[in-house]
Every structure is written in structure tokens, then in C-alpha cells.
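What follows is one structure encoded as C-alpha cells, with my remarks underneath.
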Number of protein chains: 2
Amino acid sequence: MSLRIALLGLLTTSGPSSGYDLAKRFESSINHAWQARHSQIYPELNKMAADGLVTVEEEGPRGRKTYTIAAEGRRELREWLLEGTPSRSIRSEGALRAFLLPTLEPHEAAARLRAEAEVYTARLAELEALKAAKASWKRPGFGEHALELGIRQTRVVRDWAEETAAEIERAAGDPPGGE
Amino acid sequence: MSLRIALLGLLTTSGPSSGYDLAKRFESSINHAWQARHSQIYPELNKMAADGLVTVEEEGPRGRKTYTIAAEGRRELREWLLEGTPSRSIRSEGALRAFLLPTLEPHEAAARLRAEAEVYTARLAELEALKAAKASWKRPGFGEHALELGIRQTRVVRDWAEETAAEIERAAGDPPGGE
DNA sequence: ATAGGCATGTAATCAGTTACATGATTTT
DNA sequence: AAAATCATGTAACTGATTACATGCCTAT
């Protein structure tokens with residue numbers, strides 16, 4: 001269901017788009033919350049059109065189909081957003097990695113955590129750049145909020161990784177009780 | 001693959017456990033990074049035993065099987081953690097929701113964001129309580145790092161939701177350029 | 001002309017959820 | 001005796017990834 005919602009959301013915030021456009025947008029704007037490949041997006045858009053959530057308003061050059069959100073689609077997105085029981089499901093490979101890194105030897109864990117921190121620093125730079133070039137959304141002011149969340153979350157993981165690396169090294173070099 | 005890794009990780013940090021134990025542990029310790037139901041865990045453990053990553057050391061009362069990580073399992077976990085190309089895949093329904101909330105009318109979005117913030121505040125309290133009662137891990141000091149990350153991430157989303165709600169209300173009440 | 005990007009699709013496989021199914025042990 | 005919890009499993013379905021497949025249009 002979430003893929004449907006994500007697509008409806010993107011069609012709302014970016015206006016009429018092709019499946020190709022939406023696939024790219026999954027990589028840029030919404031990437032820190034959800035991902036989908038074109039092989040999942042195209043069939044889903046067809047189903048959504050069959051269900052009356054979107055319409056194909058025009059067909060362009062290379063068989064390009066431009067999808068527009070329909071009233072029924074707006075209704076469905078709205079209902080999902082207002083619905084009371086939000087499932088808090090989350091699957092983050094990065095967080096899992098972070099969780100398990102301390103099972104390595106202290107010096108290995110610390111080194112790896114610092115490498116992770118670097119990846120997040122790079123990601124952060126990308127996001128900051130995106131923020132600076134914030135001209136790509138139809139509703140002005142919309143993307144900024146989401147981007148801000150992405151930036152803060154990335155920063156928090158980065159900082160955690162650095163601090164944890166330092167603490168692990170400190171604990172290994174200066175064992176308080178033993179082990 | 002990640003499920004396998006998560007199970008190997010839990011067997012490392014909590015020692016020999018049954019599938020039932022591991023299912024519960026997915027709900028408590030590792031929940032903010034990954035989830036899995038028993039219907040996925042039991043078959044996976046059987047496959048892992050067939051692949052020599054874990055062994056069944058003892059069988060208890062109600063057909064209970066206690067799995068222990070094998071050398072091959074430790075090797076696989078270690079390799080995964082040290083491997084260079086970490087896929088940054090993440091799927092967070094909460095983040096998706098946060099992303100799309102600003103598509104609602106300002107007052108609706110703000111109200112919903114505040115409701116979200118409350119959920120995160122409650123979750124934060126749970127995690128803080130867990131942190132206080134941190135006596136359940138075999139390797140002392142291990143769980144704390146992961147828990148700390150969970151706490152910080154939850155806090156960041158909570159704060160973002162509150163601030164964004166306030167900003168949306170401000171912008172709606174005091175439109176600078178129009179719309 | 002050819003390389004790169006645009007654009008859509010399908011098939012096979014793997015991962016994950018929901019629902020069904022069963023039975024033992026412990027607690028009230 | 002009944003209810004709660006422990007404990008494992010399977011089947012049907014939905015969601016997601018990887019690989020395959022095709023062809024158009026634009027810039028060099």
C-alpha cells in the first residue's frame with residue numbers, strides 16, 4: 001500500500017509525471033523514506049489507473065505516459081494521512097549495521113563506525129546541496145520540511161557514529177572493570 | 001539477507017536463544033532498525049541450521065529448540081559488517097507520512113504533525129525506560145549504543161514534527177507572498 | 001553512425017505479512 | 001477446568017529486487 005501512497009504523494013507535490021520521472025524522484029526527494037524501482041512503479045501505475053486513482057492525460061514521444069492524480073486518488077492519499085493507526089514499521093539496513101557493529105573487536109568497530117560517519121557526512125553534503133537548489137517543487141515550501149527531516153536524521157546518525165567510535169576506543173584503551 | 005544477519009547478531013549479543021526468544025527480541029531491542037515475525041523467523045532458522053550457520057544445542061519443553069551461533073555464522077556476520085559497499089536502503093512508513101503531511105491543508109497538517117509528535121514522545125519514554133532497565137544484554141555496554149541511536153532518532157523526528165507544525169501554522173496565519 | 005539517455009515493460013526469484021493450525025506447560 | 005503464555009510450524013498472498021527485453025530520440 002505504501003508504494004501507492006508514495007506515488008500519489010509525488011504526483012501531488014510534483015504535478016503530472018511519467019513513471020520514469022517518478023522513478024527518478026524516488027532517488028532524489030523521497031529517498032530517505034522510501035525506495036522503488038521502475039519495475040515496481042510501472043505495473044503499479046497501471047493498476048492505479050485501472051482503479052481510477054490516476055489518469056493518463058497525455059502520451060509523449062517514446063511511449064511516454066503522463067499520469068495525473070484523480071479525485072479518487074486525492075481522496076485515498078488524504079484518508080491514509082488522516083487515518084488514526086499509523087504503523088511505525090521501519091527497516092533500515094544502516095541502523096541494523098550500527099546496531100551490530102559493536103559485536104566486532106573494539107578497534108575494528110571504531111574504524112568501521114568512522115567510515116560510516118564519513119558516508120553520512122557525504123550524504124549530508126548532498127542533502128544540503130539539494131536544499132540550496134530547492135527550486136523543483138510545485139508547492140512552494142513543501143519539499144523543505146521533508147528535506148530538513150532528512151538532514152537532521154542523517155546528522156544524528158553521523159554524530160552518533162563518531163561519538164560511539166570515540167567511546168569504544170576510550171573504553172578499550174582504559175578498561176574500567178576488566179574483560 | 002538482512003534477516004539472517006539480524007538473527008546472527010541477536011544470537012551474538014544475547015547468546016543461545018529459541019526462535020520464540022528471537023521473535024520477542026525483534027520487538028524490544030532491535031525494533032527501531034528491523035522487524036520480523038515468527039512466521040519468517042522459524043523457516044529462516046531452519047535454513048540457517050541447514051547451511052551450518054547455527055546449531056541446535058538443546059531441545060527443551062514444548063519442542064523448544066535453542067539455537068547457538070556457529071563459527072561459520074560468526075564469520076558471515078563479521079564479513080557483512082566489514083564489507084565495503086553498505087546498501088543504504090531504508091523504508092520508514094513514519095518518514096513517508098511526515099514527508100506527505102504538508103500536502104494536507106495547513107491546519108490539518110499541523111494537527112496531524114502534533115499527533116505524530118505525541119506518538120514519538122510516548123515511544124521516547126519507552127526507550128528511556130528501556131535504557132534505565134538495561135540489564136538484559138550479555139555483552140555489557142553493547143545495547144546502550146544502539147539504544148542511544150534509537151533515542152536520538154526518535155527525538156529528532158519528534159522535534160521536527162513539533163517545529164514543522166508551528167511553522168506551518170505561522171505561515172498559514174501570516175502569508176508572506178500570497179497563495 | 002553510435003553512444004547515451006529516455007521510456008516502458010515482463011519474468012523469475014526472493015522477502016515479508018496474514019491467517020491458519022497445533023499442541024504443551026503454567027497460572028489462576 | 002479454563003485461560004494465558006510458550007513454542008513451532010505451514011500456506012496463500014502481497015511486496016520488492018534482479019535480470020531480461022525492447023525501442024525511440026538526441027547529441028556528438
Side-chain angles (χ1 to χ4, degrees), chain A residues 1-8 10-11 14 16-28 30-31 33-51 53-54 56-68 80 85-93 96, chain B residues 1-8 10-11 14 16-28 30-31 33-51 54 56-67 80 85-93 96:
Chain A
M1 190 83 304
S2 292
L3 173 61
R4 234 162 220 241
I5 296 300
L7 289 170
L8 290 171
L10 288 175
L11 286 174
S14 331
S17 319
S18 67
Y20 189 87
D21 294 338
L22 292 166
K24 269 191 304 178
R25 211 160 296 270
F26 262 103
E27 274 165 35
S28 54
I30 210 173
N31 186 262
W34 211 264
Q35 303 102 93
R37 311 289 152 107
H38 76 270
S39 60
Q40 201 187 356
I41 292 169
Y42 291 131
E44 188 65 28
L45 283 171
N46 281 324
K47 274 185 241 161
M48 286 163 76
D51 293 349
L53 304 181
V54 296
V56 179
E57 290 295 314
E58 55 167 308
E59 308 218 1
R62 295 145 257 225
R64 177 191 171 98
K65 292 191 245 174
T66 302
Y67 291 91
T68 304
W80 187 83
T85 54
S87 129
R88 294 287 154 224
S89 94
I90 184 166
R91 273 207 175 75
S92 163
E93 206 175 298
L96 180 61
Chain B
M1 190 82 309
S2 292
L3 174 60
R4 235 162 219 240
I5 297 301
L7 289 170
L8 290 172
L10 288 175
L11 286 173
S14 330
S17 319
S18 67
Y20 189 86
D21 294 338
L22 292 166
K24 271 191 304 179
R25 212 160 296 270
F26 262 102
E27 276 166 35
S28 54
I30 211 173
N31 186 261
W34 210 264
Q35 307 101 151
R37 309 290 151 101
H38 75 271
S39 60
Q40 201 186 357
I41 293 168
Y42 290 131
E44 187 65 28
L45 283 171
N46 281 325
K47 275 186 241 161
M48 287 163 77
D51 293 349
V54 296
V56 180
E57 290 293 315
E58 55 165 309
E59 309 218 1
R62 296 144 257 230
R64 177 192 170 95
K65 293 192 247 174
T66 302
Y67 290 90
W80 187 83
T85 55
S87 128
R88 294 285 154 223
S89 95
I90 184 166
R91 273 206 175 76
S92 163
E93 207 176 297
L96 179 62

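All chains are named by letter (A, B, ...) in the order of the sequence lines, taking the proteins before the strands, and each is independently numbered beginning at 1.
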**Item:** Nearest-Å distance for atom pair NZ/P, residues B:Lys65 and D:dC6
**Value:** 19 Å
**Prompt:** What is the distance from CD of B:Glu44 to P of D:dT8, rounded to the nearest Å?
**Reply:** 15 Å
**Prompt:** Counting only side-chain N and O atoms of B:Tyr20, is one of them less than 4.0 Å from OP1 or OP2 of D:dT8?
**Reply:** no
**Message:** I'd like to know if the side chain of B:Asn46 and the backbone of B:Pro43 have a donor-acceptor N/O pair within less than 3.5 Å.
**Reply:** no
**Item:** Side-chain N or O of A:Gln40 closer than 4.0 Å to phosphate OP1/OP2 of D:dT17
**Value:** yes
**Request:** Establish, with yes or no, whether the OP1 or OP2 oxygen of C:dA7 is under 4.0 angstrom from a side-chain nitrogen or oxygen of A:Arg64.
**Result:** yes
**Spacing between A:Glu27 atom CD and D:dT17 atom C1', to the nearest angstrom** = 14 Å
**Heavy-atom closest pair, residues B:Leu45 and B:Val54** = O-CG2, 4.0 Å
**Fill in**
note: A:Leu22, atom CG; C:dA7, atom P; distance rounded to Å ~ 12 Å
**Message:** Using whole Å, what does the distance between atom C1' of nucleotide D:dG15 and atom CG of B:Leu96 come to?
**Reply:** 15 Å
**Item:** Separation of C:dA24 P from B:Arg62 CZ (nearest whole Å)
**Value:** 11 Å
**Request:** Go through D:dT10, C:dT10, C:dA7 for me and flag the one nearest to the A:Pro43 side chain.
**Result:** C:dT10
**Request:** Would you indicate which nucleotide in C:dT18, D:dA16, D:dA7 comes nearest to any side-chain atom of A:Trp34?
**Result:** D:dA16
**Prompt:** Does a side-chain heavy-atom distance below 4.5 Å link B:Leu96 with A:Ser2?
**Reply:** yes
**Presence of A:Tyr42 side-chain N/O under 4.0 Å of C:dG9 phosphate oxygens OP1/OP2** = no
**Asked** Taking for each residue the nucleotide of DNA chain D with the nearest heavy atom, is it A:His38 or A:Ser2 whose nucleotide lies nearer the 5' end?
**Response** A:Ser2
**Whole-Å distance separating the CZ atom of A:Phe26 from the C1' atom of C:dA7** = 17 Å
**Item:** Sugar-phosphate, base or nothing in reach of A:Ser18, heavy atoms under 4.0 Å
**Value:** sugar-phosphate
**Complete:** By nearest-heavy-atom nucleotide on DNA chain D, the more 5' of B:Ser39 and A:Leu3 is B:Ser39
**Request:** Take the protein atom CG of A:Asp51 and the nucleotide atom P of D:dT14, then report the distance between them rounded to whole Å.
**Result:** 13 Å
**Prompt:** Hey, does the side chain of A:Lys24 come within less than 4.0 Å of C:dA7's phosphate (OP1/OP2), counting only N and O?
**Reply:** no
**Prompt:** Side chains of B:Leu8 and B:Met48: closer than 4.5 Å at any heavy-atom pair?
**Reply:** yes
**A:Tyr67 versus A:Ala49, closest heavy-atom pair with distance** = CE2-CB, 4.5 Å
**Message:** Regarding A:Arg91, tell me which of base, sugar-phosphate or nothing describes its non-hydrogen contacts under 4.0 Å with the strands shown.
**Reply:** sugar-phosphate
**Asked** Taking only side-chain nitrogens and oxygens of B:Arg37, does any of them come within less than 4.0 Å of OP1 or OP2 of C:dG16?
**Response** no
